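All values derive from a computational prediction rather than experimental measurement.
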Amino acid sequence: MFLGFALIITACMAALVAAPLLTTESAGEGPLPIDVTELSDLKRRRLVIYENIQDLEFEYKAGKIAKDDYLSLGEEYRAEAARLMADSQAAEILSPEETLIEREVAARRVRRKVQPVEEYVCQDCGFENLLPVKFCGECGARLNTRPGK
């Protein structure tokens with residue numbers, strides 16, 4: 001009896017451990033968190049590509065990367081940046097229904113006096129931080145993200 005109970009518990013534990021490994025979830029196809037829009041996600045990814053290009057150029061000038069690798073990686077990064085820019089421009093085009101919704105949301109915000117979430121732009125250097133942060137990712141200055149802080 002005890003052996004049967006132990007085998008059942010062992011089988012359940014094995015199923016719980018193996019379940020995440022056996023699911024078929026493609027990378028990048030999952031839903032975005034509620035506070036991240038498609039446009040802000042594209043912008044974040046584009047900024048990451050820009051940083052990668054800067055890092056690539058620095059490493060090439062420092063002699064860490066061969067010229068052929070530098071050229072091929074540079075082409076790949078620039079193509080990805082161009083694709084993200086095109087996707088961003090396409091995402092900014094609103095349908096008539098979306099335009100109506102945006103107008104209604106703006107009108108309701110004015111009536112309720114609710115301010116939209118402010119962007120995390122550093123007042124000192126002007127760097128646009130990717131996500132809500134307390135300090136600038138470029139210069140380290142404290143961001144005034146909430147009134148009274």
Side-chain angles (χ1 to χ4, degrees), residues 9-10 12-149:
I9 289 179
T10 304
C12 290
M13 293 301 291
L16 286 173
V17 169
L21 300 174
L22 300 175
T23 58
T24 56
E25 185 175 316
S26 299
E29 291 184 10
L32 293 174
I34 293 173
D35 60 339
V36 177
T37 63
E38 180 184 0
L39 199 55
S40 66
D41 184 54
L42 288 170
K43 180 178 180 179
R44 180 193 58 80
R45 289 170 48 201
R46 196 174 67 231
L47 289 174
V48 168
I49 291 291
Y50 293 158
E51 288 179 11
N52 289 347
I53 291 172
Q54 287 178 336
D55 289 343
L56 178 68
E57 290 176 1
F58 174 77
E59 290 179 3
Y60 175 69
K61 289 178 183 176
K64 294 181 179 180
I65 295 179
K67 185 173 183 176
D68 293 338
D69 292 338
Y70 168 74
L71 294 174
S72 66
L73 284 172
E75 280 183 35
E76 288 177 23
Y77 285 152
R78 286 181 185 84
E80 178 70 12
R83 187 185 63 75
L84 289 171
M85 288 173 65
D87 289 349
S88 294
Q89 289 175 346
E92 289 176 355
I93 298 173
L94 300 176
S95 68
E97 294 85 13
E98 292 171 327
T99 304
L100 179 63
I101 290 170
E102 289 296 324
R103 285 185 194 153
E104 183 64 28
V105 167
R108 287 185 184 195
R109 281 185 177 145
V110 168
R111 283 195 301 263
R112 291 181 60 209
K113 296 182 181 178
V114 173
Q115 299 298 321
V117 177
E118 75 178 51
E119 301 225 2
Y120 291 87
V121 178
C122 180
Q123 295 83 11
D124 294 344
C125 68
F127 180 73
E128 293 182 20
N129 293 282
L130 304 179
L131 295 173
V133 292
K134 292 183 180 179
F135 297 95
C136 177
E138 186 71 20
C139 69
R142 183 169 183 85
L143 298 178
N144 297 325
T145 56
R146 293 184 185 152
K149 281 201 170 183

Using a 4.5 Å cut-off on heavy atoms from C-beta on, say whether the side chain of Ile49 contacts that of Arg78.
-> no
Could you give the distance from [atom1] ([X]) to [atom2] ([Y]), rounded to the nearest 0.5 Å?
X: Leu39; Y: Arg44; atom1: CG; atom2: CZ; result: 12.5 Å
X: Lys67; Y: Ser72; atom1: NZ; atom2: OG; result: 12.5 Å
X: Glu98; Y: Ile101; atom1: CD; atom2: CD1; result: 7.0 Å
X: Gln54; Y: Tyr77; atom1: CD; atom2: OH; result: 12.5 Å
X: Glu76; Y: Glu80; atom1: CD; atom2: CD; result: 9.5 Å
X: Leu84; Y: Lys43; atom1: CG; atom2: NZ; result: 13.5 Å

Is any side-chain N of the basic residue among Glu104 and Arg108 closer than 4.0 Å to the acidic one's carboxylate O?
-> yes
Sort out for me which residue in Glu102, Glu97, Arg103 forms a side chain to side chain contact (heavy atoms under 4.5 Å, CB included) with Thr99.
-> Arg103
Passing candidate, side chain to side chain contact (heavy atoms under 4.5 Å, CB included) with Arg45, options Leu47, Val48, Leu42 | Leu42
Apply the test side-chain contact (heavy atoms from CB on, under 4.5 Å) to residues Glu138 and Cys122: give CA-CA distance (whole Å), side-chain angles for both, the deciding distance (0.1 Å), then the verdict.
-> CA-CA 9 Å; Glu138 186 71 20; Cys122 180; over 6 Å; no
For Asp87, all residues meeting side-chain hydrogen bond (donor to acceptor under 3.5 Å, both in side chains), sequence neighbours excluded = Arg83
Shortest non-hydrogen contact from Leu143 to Cys136?
-> CG-N, 3.9 Å
More than 12 heavy atoms of other residues, nucleotides or ligands under 6.0 Å from OH of Tyr50: is that the case?
-> yes
